[in-house]
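In what follows, residues are counted from 1 in the order of the sequence shown.
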Amino acid sequence: MDARPYDLLSQIQAAPGLWRPLVLTNGCFDLLHVGHVRYLTAAAQLGKCLIIGLNSDSSVRQLKGPTRPVNTQEHRAEVLLALRVISGVIIFAEPTADALLELLQPEIYVKGGDYQPETLPEWQTAQRLGAKVALIPIEVAISTTQILNHA
């Protein structure tokens with residue numbers, strides 16, 4: 001995990017009333033598209049602040065293949081932070097967001113509706129920590145992979 005999560009954690013701990021209920025989601029967010037924007041907007045509405053766990057460049061390569069990501073983790077983080085619904089971004093290299101859940105202890109953990117509890121790797125950690133898991137339905141069936149394959 002990036003060293004900076006502790007800066008964000010310090011801010012949350014110093015003023016929990018400004019941050020909580022805290023919403024956490026995670027993903028690659030390589031080429032930001034309308035599906036991402038609608039998903040993130042819906043996620044942000046579930047709490048006071050939305051934090052994004054952003055897959056590092058190395059973890060995106062492991063998940064998506066050697067030609068990905070298209071954009072560096074720094075560029076992807078900057079684009080995400082430009083969205084008014086996002087309060088913070090933490091870059092992580094682990095295969096799952098379990099460590100982020102442990103660190104931030106969000107009240108709500110959000111993933112897309114393409115997941116089910118039995119297919120969500122972080123389900124047990126979220127349940128153990130008492131985080132509500134929200135699966136947001138996919139409004140626009142589009143992905144970065146589809147965009148790249150169409151180009």
Side-chain angles (χ1 to χ4, degrees), residues 1-2 4-5 7-9 11-57 59-60 63-64 68-123 125-127 129-151:
M1 199 177 311
D2 189 303
R4 289 168 283 173
D7 295 339
L8 184 57
L9 181 61
Q11 292 175 36
I12 295 167
Q13 290 172 336
L18 296 176
W19 293 86
R20 296 193 182 275
L22 184 70
V23 180
L24 174 67
T25 191
N26 63 284
C28 299
F29 301 102
D30 196 2
L31 294 177
L32 203 60
H33 53 70
V34 70
H36 288 136
V37 171
R38 290 185 187 179
Y39 167 76
L40 294 170
T41 300
Q45 292 172 351
L46 298 175
K48 195 172 271 188
C49 289
L50 173 62
I51 303 296
I52 307 297
L54 182 65
N55 287 86
S56 68
D57 290 349
S59 70
V60 173
L63 291 167
K64 306 289 185 176
R68 300 278 299 278
V70 173
N71 292 300
T72 66
Q73 61 194 31
E74 292 81 12
H75 288 177
R76 291 181 286 127
E78 186 175 333
V79 168
L80 286 167
L81 283 169
L83 298 176
R84 68 174 174 248
V85 299
I86 297 175
S87 301
V89 173
I90 297 176
I91 298 168
F92 73 103
E94 295 82 9
T96 70
D98 289 306
L100 280 178
L101 282 159
E102 295 277 356
L103 178 71
L104 296 175
Q105 307 239 338
E107 284 74 21
I108 303 123
Y109 180 58
V110 178
K111 288 299 280 186
D114 50 338
Y115 283 96
Q116 296 301 317
E118 57 275 4
T119 63
L120 183 62
E122 300 86 0
W123 177 262
T125 301
Q127 293 296 295
L129 296 172
K132 175 186 174 195
V133 176
L135 301 175
I136 295 179
I138 296 172
E139 278 191 40
V140 180
I142 189 169
S143 71
T144 299
T145 302
Q146 289 172 328
I147 292 170
L148 291 171
N149 288 341
H150 219 72

Check: residues 96-106 side-chain donor-acceptor pairs under 3.5 Å, at least two apart:
from	atom 1	to	atom 2	distance (Å)
Thr96	OG1	Asp98	N	3.4
Thr96	OG1	Asp98	OD2	2.7
Asp98	OD1	Thr125	OG1	2.6
Glu102	OE2	Arg128	NH1	3.3
Glu102	OE2	Arg128	NH2	2.2
Gln105	NE2	Glu102	O	3.3

Checklist entry - Which atom pair, heavy atoms only, marks the closest approach of Leu18 to Cys49? => result O-SG, 3.4 Å
Next on the checklist: Which residue in the set Asn26, Ile91, Leu40 passes side chain to side chain contact (heavy atoms under 4.5 Å, CB included) when paired with Ile52?
Outcome noted: Leu40
Item to check | Nearest-0.5 Å distance, CH2 of residue Trp123 to CD of residue Gln116 | outcome: 9.5 Å
Item to check | side-chain contact (heavy atoms from CB on, under 4.5 Å) between Ile136 and Thr25, worked out | outcome: CA-CA 11 Å; Ile136 295 179; Thr25 191; over 6 Å; no
Item to check | Pairs involving residues 42-56, ordered by first then second residue, that meet side chain to side chain donor-acceptor pair (under 3.5 Å) (sequence neighbours left out) | outcome: Asn55-Ser59, Ser56-Ser58, Ser56-Ser59
Next on the checklist: Quick one: does any side-chain atom of Asn71 pair with a main-chain N or O of Leu31 as donor and acceptor, under 3.5 Å?
Outcome noted: no
Checklist outcome for this item: Note: Ile108 and Gly47 closest approach over all heavy atoms is CD1-CA, 4.5 Å
Item to check | Test salt bridge (charged side-chain N to carboxylate O under 4.0 Å, His left out) applied to Glu107 - qualifying residues, sequence neighbours left out | outcome: Arg20
Item to check | Option passing side chain to side chain contact (heavy atoms under 4.5 Å, CB included) with Val110 (candidates Leu24, Leu46, Leu50) | outcome: Leu46
Checklist entry - Looking at CG of Leu120 and CG of Leu135, how far apart are the two atoms once the value is rounded to the nearest 0.5 Å? => result 6.5 Å
Checklist entry - Is the backbone N or O of Tyr115 less than 3.5 Å from a side-chain atom of Thr119, with the two atoms forming a donor-acceptor pair by type? => result no
Checklist outcome for this item: The reported gap from CG in Asp30 to OG1 in Thr72 (rounded to nearest 0.5 angstrom) is 9.5 Å
Checklist entry - Should Arg68 and Val70 count as side-chain neighbours, where that means a heavy-atom distance under 4.5 Å? => result yes
Checklist entry - What pairs of residues pass the salt bridge (Lys or Arg N to Asp or Glu O under 4.0 Å) test when at least one of them lies in residues 111-120, not counting sequence neighbours? => result none
Checklist entry - Just how far is it from atom CG of Leu54 to atom SG of Cys28, taken to the nearest 0.5 Å? => result 8.0 Å
Item to check | salt bridge (Lys or Arg N to Asp or Glu O under 4.0 Å) partners of residues 33-42, not counting sequence neighbours, each pair once | outcome: Arg38-Glu139
Checklist outcome for this item: Minimal heavy-atom distance between Ile86 and Val89, with the atoms involved, is CG2-CG2, 4.1 Å
Checklist entry - Closest heavy-atom contact between Ser87 and Trp19? => result CB-CZ3, 3.8 Å
Checklist outcome for this item: For His33, the ring pair (Phe, Tyr, Trp, His ring centres under 6.0 Å) test, sequence neighbours excluded, returns His36
